[in-house]
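We use all heavy atoms of the structure for the numbers below, so side chains are in, but hydrogens, waters and symmetry mates are not. Please read all numbers here as calculations on a predicted model, not as lab measurements.
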Amino acid sequence: MAQNTTIPINVGVVLDLDTQFGKIELSCINMALSDFYASHSNYTTRLVLHTRDSARDVVVAADAALDLIKNVEVQAIIGLESSMQANFVIDLGDQAQVPIISFSATSPSLRGSYFFRIAQNDSSQVKAIGALIQAFGWREAVPVSIDNEFGEGLTPYLTTALQEVGAGIPYWSLIPSMATDDQIIEELHRLMSMQTRVFIVHMSPSLGSRFFAKARDIGMMEEGNVWITTNGMTNSFSSSSSSVDIDNMQGVLGIKTNVPNTKELENFRARWQTKFQQDNPTILNVKLDVFGLWAYDAAWALALAVEKVGGTNFSFQKMNSSHNYTVLGSLEVSQGGPELVRELSGTRFRGLSGDFSLINGQLQSSTFQVVNVNDNGERGIGYWTPQNGLVRNINSNRNTNRYSTSNASLGPVIWPGDTTLAPRGWQIRTNGTLKVLVPVKQGFEELVSVVHDHSTNTAKVTGGYCIEVFDAVIKALPFPVPYEFYPFANPNGQSAGSYNDLINQVFLGNYDAAVGDISIRANRSLYVDFTLPFTESGISMVVPVKGNDGGKNTWVFLKPLTWDLWVTIGCFFIFIGFVVWFLEHRINEDFRGPPHHQIGTSFWFAFSTMVFAHREPVVSNLGRFVVIIWCFVVLVLTQSYTASLSSILTIQQLQPIVTDVNLLLKNGDNVGYQKGSFIYGILSKLGFKDDKLRTYNSVEELDKLLQNGNENGGISAAFDETPYMKLFLATYCLKYTLVEPTFKADGFAFVFQKSSLLTRDVSTAITQVHEGDKMKAIEDKWFKKTASCSNPNTASSYNTLSLESFWGLFIVAGVASSLALLIFAAMFLYEHSHILTCVDSKASFWTRIRQVLRAYDQQDKTWHAYKKTRKEDGVHGIAAVESSPNTNCLCLRRPSRSSKPNQIEPEIVLEEQQGTTSTQHSDLNPNAIELNGYHINH
């Protein structure tokens, strides 16, 4: 009865039924419908499959689809194993409003209003490939793809992904879909001749298997090569229907669709294995791949969507077009197609391949597994997710937001050649030796030395600063680079051309690099690559020097110190004088008296410490502490000043005769430059006429020109790059001086072919050599100064002492003095706190302050009593009871206790407002009282 009430819905299936792949997918579709209706027996619709064989042909597949739409009036078509087949049929589906559902057409270029891809889009894996490239530091990769719709669709997406990680694509290899073995070998030889050794293979399993077989035959599966396959091939590694021979792909990395392993999937695999073996007893050891799972989920999703639409709208209607006489124009249109598309787009469920959801007709699945082909199969080494990048375990990183591009996040990789050492991704050239061109020139052999052997009529590179730096840089690389030097010379030993000619040889590919005193030229960077400079930059001017006897200068005694240091020293003398006066005023007779006497004494005391001639004794402990600190500061300052002044008075100062280029132009002086140098163009632009320019080839010639001077046909100044001038001054430092860089220049650099993979590594190595001690050792060796230039007694300049050199001393003196002031002020205020606390409440704040200052200006009677006791034998200090002026308060002072047993208690003095005082012995006065240790007469 249930069958009588169900509504049959025709669905077409177009597969390559004569292949094992097609049989597996058809089996999965049938099992999906069987499982679906077994669990949804109450549904009113039933899908009825109408299968057609595409015979692995695009035209046959399109004809089969047209027959199903036109004659069978199917409501949807499932299958179309290749992107080329789908590309033809998509238009049929759009015209007839029939959904086209494919689980193996993965090209990103496939688009259609009625097209659904129940598979991962090929473009979704490009970021995973880019992450692998970035993780291992490869900077170039060569894609190798099949020359059809499937291969071309990945091109723009892969290009963008590699650019985002800083990797370039020097070449894109296209293999025809029907390529012969000879065509494949020819393309492999082209790849073998390139520097790049990282290859990304994107092709069908059948063509890919042939490609890797030939790559193995010609030796491209050996150590040093990197092969990465896209999921188009990698997904078929575990399938028994695949034609891929794993033995030819040892060491290959692959991007594979990640399918979560669940109990439902394991149960389905077991059921499907049994069912397929029953239906196909001649096919043994069959394995299910991800395409079969997608086929299962696609059939399940279609059955679910059809049930939601119902069976009332599935009919075809003639199109309203009287002038369209093509085959497509005669197609009828499915009335239920638009609604079926809406229901498919909104279908959500947990499928065998994972969560099933469609956005814009595309299955949303973006997690990939990274596998490594070894032995007889693949081995998982990690995963890639959009959220976390490369991870070792997909479950342990789900709650983190860190995106990893490190190869440490992957498991161990066994590369081609059965090695665990990650390839660097490029090679120098076929024979593996770097051909390095070296310029030949006369003079300045300390930079580059090339010797001509007359017996063999050949030139040989013997050394030099630039050569030794290059040797050190190559040794600093993390990988070995064999190289050979080739002098840029004619058979007679002379230079074979200019520096531009030398660079052109590298540009033309005749040599891999050029090393020497080669300046970075912006106009040549379009043709070759320059590394970072390994020398100082800038163009400097060398001029003769004239003697200047510093001892004849009237104000020479001021030169040892800078003006800010002079001012600071003067301020501190005044400050220290004030501090000592403040600490000594109440207890030291030398710091008392009329105001002008006190000021004079303070200044005299402070400034006399400069020569340690202060004669006033300092009696307070705080004052002594301040003076000791200040005397130490003065000692350091005077010793430094004496040394600097002695240097100025005894050493002759050498001054350049000219420091301004404009002055040379104004006077019409002759100037020099190195022959063949680009400096000529700069001098010409500055306004120097050709008759004012002189050339030189060596340091000896330059010395002679400068020594002759402008009057004798020589020059007044010479212009050249800083390294040349440093080499010149290493010998002639007493006669000439270097004016700091006058013009900008980038310095010397190594030259490599355009887009050479060595350029970045060599630049990094240059930085490492500069940071270490090796560069300094090389400079000391080749820029070695003569004995006279190395002697510090012949230095032509002196260093003026600045405030920065003594700032720490002034901080110590200032803090110590300020601390002494604070301690003294605190003690004084505590001792005279009665002045502030016992005054009449009607007294103003400023009145109290004046009373405190008045008390400070008075002598400390206790101190003077203490001094008196030290002079008088048997007499001790007196305790007094004082009253503050203009007050009625009794101010008590605790009497001092004598350690002598027979000492008489001192008197207690009472001072009243009128200033009268009454004194009695406390032990004789009957009216005396004692309060908290104080004796008070009343």
Side-chain angles (χ1 to χ4, degrees), residues 436-470 485-506 511 514-521 524 534-535 539-542 670-684 690 693-708 713-715 717-732 735-736 738 745 747-751 778-779 781-784 786:
V436 182
L437 198 59
V438 178
V440 176
K441 60 184 300 183
Q442 296 179 353
F444 295 97
E445 294 181 354
E446 292 84 355
L447 297 175
V448 178
S449 178
V450 178
V451 177
H452 180 66
D453 188 350
H454 295 281
S455 60
T456 60
N457 211 24
T458 58
K460 181 180 179 181
V461 178
T462 58
Y465 170 75
C466 299
I467 302 301
E468 194 160 333
V469 170
F470 183 78
F485 292 119
Y486 294 84
F488 188 49
N490 293 321
N492 60 2
Q494 298 298 316
S495 176
S498 65
Y499 279 78
N500 285 339
D501 297 330
L502 179 141
I503 292 175
N504 284 336
Q505 291 296 314
V506 179
Y511 297 89
V515 173
D517 51 341
I518 304 172
S519 303
I520 298 177
R521 316 286 176 83
R524 306 299 298 175
F534 59 89
T535 62
I539 300 172
S540 300
M541 179 174 68
V542 166
N670 298 332
V671 296
Y673 68 96
Q674 190 177 170
K675 186 176 182 180
S677 173
F678 66 96
I679 305 295
Y680 169 77
I682 296 177
L683 296 176
S684 297
D690 288 349
L693 300 178
R694 304 289 186 269
T695 61
Y696 56 87
N697 288 319
S698 64
V699 293
E700 292 78 13
E701 293 182 12
L702 176 57
D703 174 54
K704 185 175 181 181
L705 286 173
L706 289 170
Q707 194 170 10
N708 290 338
I715 58 177
F719 294 86
D720 214 332
E721 292 179 89
T722 302
Y724 294 112
M725 292 310 187
K726 286 179 61 178
L727 185 61
F728 175 72
L729 292 178
T731 305
Y732 302 101
K735 299 166 60 177
Y736 313 104
L738 182 72
F748 297 164
F750 305 132
V751 179
I778 296 175
E779 289 182 352
K781 175 181 178 181
W782 293 102
F783 292 89
K784 185 177 181 180
T786 60

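- For the atom pair T458 OG1 and H452 NE2, the distance stands at 7.0 Å (nearest 0.5 Å).
- Residues V438 and V450 have side chains in contact (heavy-atom distance under 4.5 Å, counting atoms from C-beta outward).
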message = One pair to check against side-chain contact (heavy atoms from CB on, under 4.5 Å): F488 and Y511. What are the steps and the verdict?
response = CA-CA 11 Å; F488 188 49; Y511 297 89; 5.8 Å; no
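- Applying the side-chain hydrogen bond (donor to acceptor under 3.5 Å, both in side chains) test between W782 and each of E446, E445, E468 identifies E468 as the sole match.
- Listed for the T462 side chain is no donor-acceptor partner under 3.5 Å among the backbone atoms of V451.
- How far NZ of K781 is from CD1 of I778: 8.5 Å, rounded to the nearest 0.5 Å.
- In this structure, N670 CG and I715 CD1 are separated by 8.5 Å, a value rounded to the nearest 0.5 Å.
- Between Y724 and F444, the ring planes are perpendicular. Angles over 60° get that label, and only those under 30° would be called parallel.
- Between I520 and A749, the shortest heavy-atom contact is CG1-CB, 3.4 Å.
- Considering only heavy atoms from C-beta on, D703 comes within 4.5 Å of F728 through its side chain.
- For NZ of K460, the number of neighbouring non-hydrogen atoms (other residues, nucleotides, ligands) closer than 6.0 Å is 12 at most.
- Within the 4.5 Å cutoff, the side chain of L706 has no heavy atoms near those of the K735 side chain.
- Here the straight-line distance linking atom CZ of R694 with atom CD of E701 works out to 13.5 Å at 0.5 Å rounding.
- In this structure, I679 and D720 have side chains that are in contact, with non-hydrogen atoms separated by less than 4.5 Å.
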query = Please walk me through it: do S698 and Q442 pass side chain to side chain donor-acceptor pair (under 3.5 Å)?
reply = CA-CA 7 Å; S698 64; Q442 296 179 353; over 6 Å; no
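- The shortest side-chain heavy-atom distance between F485 and F470 falls under the 4.5 Å cut-off.
- A heavy-atom distance below 4.5 Å is found between the side chains of P439 and D517.
- Pairing each heavy atom of N490 with each of S495, the nearest pair is ND2-O, 3.3 Å.
- When all heavy atoms of F748 and T535 are compared, the closest pair comes out as N-OG1, 2.9 Å.
- Between V461 and I467, the closest side-chain pair of non-hydrogen atoms falls below 4.5 Å.
- Counting all heavy atoms, side chain and backbone alike, S684 lies closest to D690 at OG-OD1, 4.4 Å.
- Under the 30°/60° scheme for interplanar angles, the aromatic rings of Y465 and F534 are found to be tilted.
- Aromatic ring centroids of Y673 and Y680 lie under 6.0 Å apart.
- For the 3.5 Å distance criterion, the side chains of S519 and E721 qualify, holding a donor opposite an acceptor.
- One distance of note links CD1 of I518 with CG of L437; it measures 7.5 Å at 0.5 Å rounding.
- G516 and V448 get closest at one heavy-atom pair: CA-CG2, 3.6 Å.
- Side-chain contact, K441 with Q494: no donor N or O sits under 3.5 Å from an acceptor N or O.
- Closest approach of Y696 to M725, counting heavy atoms only: OH-CE, 3.9 Å.
- Atom OG of residue S498 and atom CG of residue N504 lie 7.5 Å apart, to the nearest 0.5 angstrom.
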